Structure formats: structure tokens, C-alpha cells
Amino acid sequence: MLITHEKWPRTASEAEAEQERLSALVDVSTPLAPHRYIAGLDVAYAIGSSRVAGAVVVLDADTLAVEDMATAVMDVEFPYVPGLLAFRELPALIAALAELTVEPDVLVCDGYGIAHPRRFGLACHLGVLAGKPTLGVAKTAFVGRFAEPGEQRGEAAELVHDGAVVGAALRTQYATKPVFVSPGHLITVEDATRLALQLAPKYRLPETTRLADQLSRRALGAAA
DNA sequence: GCGACAG
DNA sequence: ATCTTGTCGC
């Protein structure tokens with residue numbers, strides 16, 4: 001899948017302005033459309049250099065079997081700034097997506113969707129650029145308040161930010177810390193939460209992110 | 001002003 | 001994010 005992005009911001013203020021502009025295009029009220037291929041994306045970083053590896057793995061929505069995968073190694077341009085993660089990771093992820101043979105229907109990101117200071121996290125950004133459904137699944141909290149969800153697998157609590165429900169703290173496995181799910185684009189909080197749980201039948205994190213994480217690290221090491 | 005702060 | 005194997009516990 002090809003994604004083109006011009007005039008990539010170089011400063012924090014430019015990046016924030018870009019988020020303000022693109023955030024108007026986000027749609028989190030449309031239910032998730034029928035889907036067959038789910039993609040998981042992640043980025044691995046090298047220690048003493050600016051080298052990074054973006055990875056994407058495509059799974060069958062029903063069996064979670066791996067149908068395709070791709071990687072892209074490059075140097076990072078943008079520094080890590082909370083709230084501007086997309087500008088640091090998207091280039092490598094977009095490059096990896098361009099190498100896919102199987103066209104994914106939904107993109108699962110490592111990070112947040114609308115649960116973001118300006119309602120425009122990495123998942124929203126990728127969703128708008130790709131014009132496809134996206135959601136974010138993060139391991140730790142970023143913005144918003146939430147009540148501790150029940151201890152059973154599948155129990156969830158609303159993630160509230162600025163008086164709005166922007167996601168959910170979801171318990172994917174019994175007695176494990178919850179993961180934070182938020183819609184990115186063309187999906188609702190409910191559908192994103194349901195899909196995240198479906199993708200995590202055995203471990204705390206969705207298979208999509210687990211596999212993408214492993215793939216990105218392997219790609220980084222192989223590029224050494 | 002201070003602390004927090006996705007990866 | 002990254003440094004990192006085995007090991008303690010359910």
C-alpha cells in the first residue's frame with residue numbers, strides 16, 4: 001500500500017500545526033467495516049545511532065495466521081517528543097507498508113489514536129494518510145483518566161479526557177495490567193476495544209503488536 | 001511554577 | 001525505545 005506525504009515538519013511547532021489541521025479529518029463515529037486482513041505495526045530503535053526499523057505484519061482476522069510482512073530500515077529525523085510520536089515513527093512505517101503484497105483492511109498501531117493532547121495520535125495520523133481504519137493499543141497511559149477495569153479478561157473501563165470518552169483501559173488477560181485502546185480513524189471506541197481483545201487471545205498485547213515488535217527488532221539487527 | 005509525559 | 005537470562009511464582 002502506497003502512502004505519500006510531502007512537507008514533513010522539522011520543528012515541534014510545525015508538527016503541532018499539522019496535527020491541528022489534519023485532526024479535522026478524523027472519523028471515529030463510523031463503525032468498523034467488514035475486514036479480512038489486520039496489520040500490526042511497530043518501530044525498533046538502535047542504541048548509539050539514529051537507525052530505526054519499521055515493521056508491519058499482516059494477519060488473517062479470523063485465524064490470526066500471518067499472511068504477509070515487510071520492513072524498512074532508515075535513519076530517524078524527528079526527536080521523541082510526547083505528543084509528536086507520529087513524526088518520528090511514521091516515515092519508517094509508511095516505507096514498510098509500501099513493501100506489502102497483501103493489502104490490509106485495518107491498521108493496529110503501537111501508541112494512541114484520539115487519546116492524545118490534540119486528539120491526533122499516531123493511529124489517527126496514519127489512518128488519515130492511508131484512508132483506512134486504524135486504532136492504537138498502548139502499554140502505558142498517556143492522557144485521560146480511567147477507573148481500574150475488572151480483573152477478568154475482556155473487562156474495560158472508559159478512558160476519559162477533557163470530558164470525552166477517547167478510548168478504554170482494557171484487560172486482555174486475567175490479572176495482567178490493562179492495555180490502552182483508542183480509535184484512530186474509521187472506527188469507534190467500541191469496535192476498537194472489541195478488535196483489540198480479539199487480537200489478544202493468549203497474551204496481554206495483541207498478536208499484531210507482538211509480531212510487529214519481534215519483526216522490527218530482527219530487521220534492525222539484520223541491517224547491522 | 002511543578003510534575004507528567006505514547007515510543 | 002534501549003541495556004537482558006534465568007528464575008520465582010501461580
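Computed from a predicted model, the values in this text were never measured in an experiment. Labels below follow one simple rule: chain letters A, B, ... track the order of the sequence lines, proteins then strands, and each chain is numbered from 1.
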**Where A:Gly136 and A:Ala123 come nearest, the two heavy atoms and their spacing** =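 Smallest heavy-atom distance, with atoms named: N-CB, 3.7 Å.
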**Message:** What is the distance, to the nearest angstrom, from the CG atom on A:Leu41 to the C1' atom on C:dA1?
**Reply:** 16 Å
**Prompt:** What's the spacing between A:Leu85 CG and A:Phe142 CZ if we round to 0.5 Å?
**Reply:**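 Reported to 0.5 Å precision, the distance equals 8.5 Å.
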**Item:** Test side chain to side chain contact (heavy atoms under 4.5 Å, CB included) applied to A:Leu25 - qualifying residues, sequence neighbours left out
**Value:**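 Testing A:Leu25 for side chain to side chain contact (heavy atoms under 4.5 Å, CB included), a comparison that skips the adjacent residues, returns A:Leu22, A:Val128.
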**Request:** Using distance alone, with no hydrogens and no angle criterion, decide if A:Asp27 and A:Ser29 have a side-chain donor and acceptor under 3.5 Å apart.
**Result:** yes
**Complete:** 5' to 3', nucleotides 1-7 of chain B under a 4.0 Å protein heavy-atom cut-off (B base, S sugar-phosphate only, - none) gives ----BBB
**Request:** Only counting residues at least two apart or in another chain, list the ones meeting salt bridge (charged side-chain N to carboxylate O under 4.0 Å, His left out) with A:Glu103.
**Result:**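 So A:Glu103 forms a salt bridge (charged side-chain N to carboxylate O under 4.0 Å, His left out) with A:Lys132.
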**Item:** Residues clustered with A:Leu186, ILVMFWY side-chain links under 4.5 angstrom
**Value:** none
**Request:** List, by chain and then residue number, the residues other than A:Tyr174 in its hydrophobic cluster (Ile/Leu/Val/Met/Phe/Trp/Tyr, side-chain heavy atoms under 4.5 Å); write none if there are no others.
**Result:** none
**Asked** Rest of the hydrophobic cluster containing A:Leu59 (Ile/Leu/Val/Met/Phe/Trp/Tyr, side-chain heavy atoms under 4.5 Å)?
**Response** A:Val57, A:Val66, A:Met69, A:Leu211, A:Leu215
**Message:** Once ring-ring contact (aromatic ring centres under 6.0 Å, His included) is applied, what residue pairs with a partner in residues 175-198 of chain A remain, sequence neighbours excluded?
**Reply:**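 For residues 175-198 of chain A, and leaving out neighbouring residues, the ring-ring contact (aromatic ring centres under 6.0 Å, His included) pairs sorted by first residue read A:Phe146-A:Phe180.
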**Message:** Would A:Gln173 and A:Arg204 count as a side-chain hydrogen bond (donor to acceptor under 3.5 Å, both in side chains) here? Give the steps.
**Reply:** CA-CA 6 Å; A:Gln173 294 298 323; A:Arg204 176 187 175 231; over 6 Å; no
**Of all pairs that satisfy ring-ring contact (aromatic ring centres under 6.0 Å, His included), the ones with a partner from residues 24-50 of chain A, not counting sequence neighbours** =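 ring-ring contact (aromatic ring centres under 6.0 Å, His included) check on residues 24-50 of chain A returns no pairs.
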**Request:** Kindly give the cluster partners of A:Ile38, where membership spreads through any ILVMFWY side chain lying under 4.5 Å from a current member.
**Result:** A:Leu32, A:Leu64, A:Val106, A:Val108, A:Leu135, A:Val137, A:Leu170, A:Val179, A:Val181, A:Ile187, A:Leu195, A:Leu197, A:Leu199, A:Leu205
**For DNA chain B, stems built from three or more consecutive Watson-Crick or G-U wobble pairs below 3.5 Å** = none
I'd like a list of close polar pairs between nucleotides 4-10 of chain C and the protein, N/O only, cut-off under 3.5 Å.
none

**Message:** Output the pairing pattern of DNA chain C as a dot-bracket string, 5' first, Watson-Crick or G-U wobble with both distances under 3.5 Å, | for cross-strand pairs, [ ] for crossing pairs.
**Reply:** ..........
